Amino acid sequence: MRETNTAACCQYPDAVTTNTLLSTAMSGSADSPLLPLPDRVAELLSELGSPPRLAAHLRAVHDVAHQLVEWVEHRYPAVVFDREAVLFGAATHDIGKTVHVSELSRPGSAHEEAGRTLLLAHGVSPKLARFAETHASWTNSRAGLEDLLVSLADKIWKNKRVPDLEDLVVARLAAATGRAAWEEFIALDEVLARIGDGADGRLAFQASFPIHG
């Protein structure tokens, strides 16, 4: 009986620590300028027992997506897109890694379909669950501006520039405004450079959380 109680005592602090780390990754840390994850997403990650590092990554990408959305709304007020879908998609795009945890530290695509299935199973609409699968398939001709913005946020959070992806975004914006593509390219390049300047801080924030609690 004494051995059982001792084991329970040893396990309890670990559980508390894990929950604290997850909570901090999602919405805490006074030193972090990152926006907290949406409540709905935070509840879902808590329920799924998300690795703290995954939550930190999702928070970083969500913050970048928020910056991109604000930029699009300010520069392109006539462009119609679903702001909340972009933000939710960015905040959940890698949620399949709660199942395929190994893909947090090495390449893999199993989390994509798994993430969409997981979200659907938890009552998320197909319209919002799709980003878990489409964030890595932006070359698909059916990808909308929302999908492209989520994919872009998932690259630029660490200052990774992907010309083909950026060209697709430029083409969508130029078509919507009637302005020359080169003009939209310059505008996008400027905002991505500005957002990219914060990559070191975001990378450090993510790295400060363990994959396993």
Side-chain angles (χ1 to χ4, degrees), residues 8 11-70 73 81-105 108-136 144 146-147 149-154 157-158 201-213:
Q11 292 173 4
Y12 184 70
D14 289 344
V16 171
T17 300
T18 299
N19 290 337
T20 299
L21 286 170
L22 178 57
S23 178
T24 302
M26 295 189 296
S27 61
S29 182
D31 295 333
S32 174
L34 301 176
L35 293 171
L37 284 170
D39 290 343
R40 183 183 182 190
V41 175
E43 292 171 2
L44 185 56
L45 291 176
S46 295
E47 182 179 343
L48 294 171
S50 168
R53 185 170 296 177
L54 173 59
H57 170 67
L58 294 175
R59 184 176 175 186
V61 176
H62 169 264
D63 186 85
V64 168
H66 194 275
Q67 294 181 61
L68 288 173
V69 162
E70 297 236 313
E73 289 180 331
F81 73 105
D82 191 333
R83 168 194 177 95
E84 296 307 316
V86 173
L87 296 179
F88 185 87
T92 59
H93 72 283
D94 272 350
I95 201 166
K97 291 182 180 181
T98 59
V99 178
H100 299 281
V101 180
S102 65
E103 293 186 8
L104 277 170
S105 56
S109 59
H111 71 277
E112 295 160 14
E113 182 178 351
R116 180 178 179 275
T117 300
L118 190 63
L119 289 172
L120 292 173
H122 282 78
V124 176
S125 70
K127 176 183 176 182
L128 295 179
R130 77 178 194 266
F131 297 101
E133 191 167 23
T134 64
H135 72 275
E146 293 87 354
D147 302 273
L149 290 174
V150 171
S151 297
L152 190 58
D154 192 33
W157 81 275
K158 57 182 177 181
R202 290 186 291 268
L203 285 164
F205 175 77
Q206 175 180 291
S208 68
F209 294 93
I211 292 177
H212 301 287

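Quick caveat: nothing in here was measured; it's all calculated off a predicted structure. Side-chain atoms are counted along with the backbone in the values below, which use heavy atoms only and exclude waters and symmetry mates. For reference, positions follow the sequence shown, starting with 1.
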A.B. asks: Would you give the length of the straight line joining atom CG of Leu22 to atom OG of Ser27, rounded to the nearest 0.5 angstrom?
C.D. replies: 9.0 Å

A.B. asks: Taking all non-hydrogen atoms of both residues, which atom of Ser50 and which atom of Ala55 are closest, and how far apart?
C.D. replies: OG-N, 3.8 Å

A.B. asks: Parallel, tilted or perpendicular: which describes the rings of Phe209 and Phe205, with under 30° parallel and over 60° perpendicular?
C.D. replies: perpendicular

A.B. asks: Test your reading of the model: is there a side-chain donor-acceptor pair from Ser151 to the backbone of Asp147, 3.5 Å cut-off?
C.D. replies: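 Here the side-chain-to-backbone pair exists.
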
A.B. asks: Between Pro210 and Leu21, which heavy-atom pair has the shortest distance, and what is it?
C.D. replies: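 Residues Pro210 and Leu21, closest heavy atoms: CG-CD1, 3.8 Å.
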
A.B. asks: Report the distance from atom CG of Leu45 to atom CD1 of Ile95, rounding to the nearest 0.5 Å.
C.D. replies: 5.0 Å

A.B. asks: Do the side chain of His122 and the main chain of Leu119 share a donor and acceptor less than 3.5 angstrom apart?
C.D. replies: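 Checking the backbone N and O of Leu119 against the side chain of His122, no donor-acceptor pair under 3.5 Å is found.
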
A.B. asks: Is it the case that the side chain of Arg116 and the backbone of Glu113 share a donor-acceptor pair, with hydrogens and angles ignored and the cut-off at 3.5 Å?
C.D. replies: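 No, Arg116 side chain to Glu113 backbone: no donor-acceptor pair under 3.5 Å.
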
A.B. asks: Say you draw a straight line from CE of Met26 to CG of Leu34; how long is it, rounded to the nearest 0.5 Å?
C.D. replies: 14.0 Å

A.B. asks: For Pro52 and Ala25, which heavy atoms make the closest approach, and how far apart are they?
C.D. replies: O-CB, 3.5 Å

A.B. asks: With Phe81, which residues qualify under ring pair (Phe, Tyr, Trp, His ring centres under 6.0 Å), at least two apart?
C.D. replies: none

A.B. asks: Could you tell me whether the side chain of Leu54 reaches within less than 4.5 Å of the side chain of Leu58, counting heavy atoms only?
C.D. replies: yes

A.B. asks: How about Glu84 and Glu146: do any of their side-chain heavy atoms sit closer than 4.5 Å?
C.D. replies: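 No, side chains not in contact.
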
A.B. asks: What heavy-atom pair brings Pro36 and His62 nearest, and what distance separates the two atoms?
C.D. replies: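 Looks like O-CE1, 3.6 Å.
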
A.B. asks: Listing request: all salt bridge (charged side-chain N to carboxylate O under 4.0 Å, His left out) pairs with a residue in residues 49-64, at least two apart in sequence or in separate chains.
C.D. replies: none

A.B. asks: Decide yes or no for Leu104 and Pro51: does some side-chain heavy atom of the first lie under 4.5 Å from some side-chain heavy atom of the second?
C.D. replies: yes

A.B. asks: Restricting to side-chain hydrogen bond (donor to acceptor under 3.5 Å, both in side chains), what partner residues turn up for Thr98, sequence neighbours left out?
C.D. replies: none

A.B. asks: Considering residues at least two apart in sequence or located in another chain, which fulfil the side-chain hydrogen bond (donor to acceptor under 3.5 Å, both in side chains) criterion with Glu103?
C.D. replies: His111

A.B. asks: Is it the case that His93 and His57 place a side-chain donor and acceptor less than 3.5 Å from each other?
C.D. replies: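 On atom types as modelled, these side chains qualify, holding a pair under 3.5 Å.
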
A.B. asks: Drop me the distance from Leu152's CG to Trp157's CH2, to the nearest 0.5 angstrom.
C.D. replies: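 If I round to the nearest 0.5 Å, the distance is 14.0 Å.
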
A.B. asks: With Ala85, which residues qualify under side-chain contact (heavy atoms from CB on, under 4.5 Å), at least two apart?
C.D. replies: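 Checked Ala85 against side-chain contact (heavy atoms from CB on, under 4.5 Å); matches are Asp82, Leu128, Phe131.
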
A.B. asks: Measure the CG-OG distance between Asn19 and Ser46 for me, rounded to the nearest 0.5 Å.
C.D. replies: 7.5 Å

A.B. asks: Using the rule given for side chain to side chain contact (heavy atoms under 4.5 Å, CB included), can you reason through Arg202 versus Val64, listing the C-alpha separation, both sets of side-chain angles and the distance that settles it, and then say yes or no?
C.D. replies: CA-CA 10 Å; Arg202 290 186 291 268; Val64 168; 3.6 Å; yes

A.B. asks: Going by the salt bridge (charged side-chain N to carboxylate O under 4.0 Å, His left out) test, which pairs reach into residues 37-51, not counting sequence neighbours?
C.D. replies: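 Of all non-adjacent pairs touching residues 37-51, none passes salt bridge (charged side-chain N to carboxylate O under 4.0 Å, His left out).
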
A.B. asks: How about CD on Glu73, more than 12 heavy atoms from neighbouring residues, nucleotides or ligands closer than 6.0 Å, or not?
C.D. replies: yes

A.B. asks: Closest heavy-atom contact between Ala65 and Leu87?
C.D. replies: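 That closest heavy-atom pairing would be C-CD2, 3.9 Å.
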
